[in-house]
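Read through the structure below, which is laid out as structure tokens, and then see the notes.
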Amino acid sequence: MAIARKHLHTTLTSFNPQLPSHPDTIDLAMLALNDRGVIQHCSPDCEQVFGYRTDELAGHHVSTLLPELHGTELVMEDRINARLAFLCHCAIPFKARRRDGAYFRSELFINRLNQQNVVVLVRNLEVRR
């Protein structure tokens, strides 16, 4: 897992050089969704980022964690929704919700995983305290 996290950090810093230099200082969770936005799997980091254990999120809609995605079609014509992809590309902050109901600003990276799935990386933009 540490190797995968380091590789992911290297990839993300190539897009955003302002990220912290050490991968463990980034609150980053991965969500695997079906085309309708239902969470199929999530990384263990979801507990740190959102306060949920991985087994608690399976079967819930992504809007549980990202309320702004409620009613948004993630996939249109077999591609990521163009408006959503554009907002993610421009690093527009999205409101994310922790298990305790607290909100935080997040950055999303969204991509097609295969014909039936979408992967969303959620990065907490709030300063760690």
Does the side chain of [Y] come within less than 4.5 Å of [X]'s, by heavy atoms?
X	Y	answer
L65	L31	yes
V120	V122	yes
Q40	N117	yes

N-O pairing of R112 and D35 below 4.0 Å: yes
Listed once per pair and sorted, the salt bridge (charged side-chain N to carboxylate O under 4.0 Å, His left out) pairs that draw on residues 60-72, sequence neighbours left out: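 Qualifying pairs: none.
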D27 side chain to Q48 side chain, donor-acceptor N/O pair below 3.5 angstrom: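 Present: a donor and an acceptor within the cut-off.
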Restricting to side chain to side chain donor-acceptor pair (under 3.5 Å), what partner residues turn up for [X], sequence neighbours left out?
X	value
Q115	D78
N34	none
T54	none
H61	S63

Using the side-chain contact (heavy atoms from CB on, under 4.5 Å) criterion, which residues pair with [X]? Sequence neighbours excluded.
X	answer
H60	T64
A102	R98, D100
E56	Y52, R53, R99
Y103	P67, K95, R97

How close do [X] and [Y] get, heavy atom to heavy atom, and via which atoms?
X	Y	value
L69	L84	CD2-CD1, 3.7 Å
E126	R105	OE2-N, 2.9 Å
I39	L57	CB-O, 3.6 Å
L74	G37	CD1-CA, 3.5 Å

In one Ile/Leu/Val/Met/Phe/Trp/Tyr side-chain cluster, 4.5 Å: V75, V38: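 Unlinked, V75 and V38 end up in two clusters.
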Within one Ile-Leu-Val-Met-Phe-Trp-Tyr cluster: L121 and L87, side-chain cutoff 4.5 Å: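 No, no single cluster joins them.
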Ring pair (Phe, Tyr, Trp, His ring centres under 6.0 Å) contacts in which one or both residues fall within residues 75-102, not counting sequence neighbours: none
Test side chain to side chain contact (heavy atoms under 4.5 Å, CB included) applied to N111 and V118, step by step: CA-CA 6 Å; N111 211 337; V118 173; over 6 Å; no
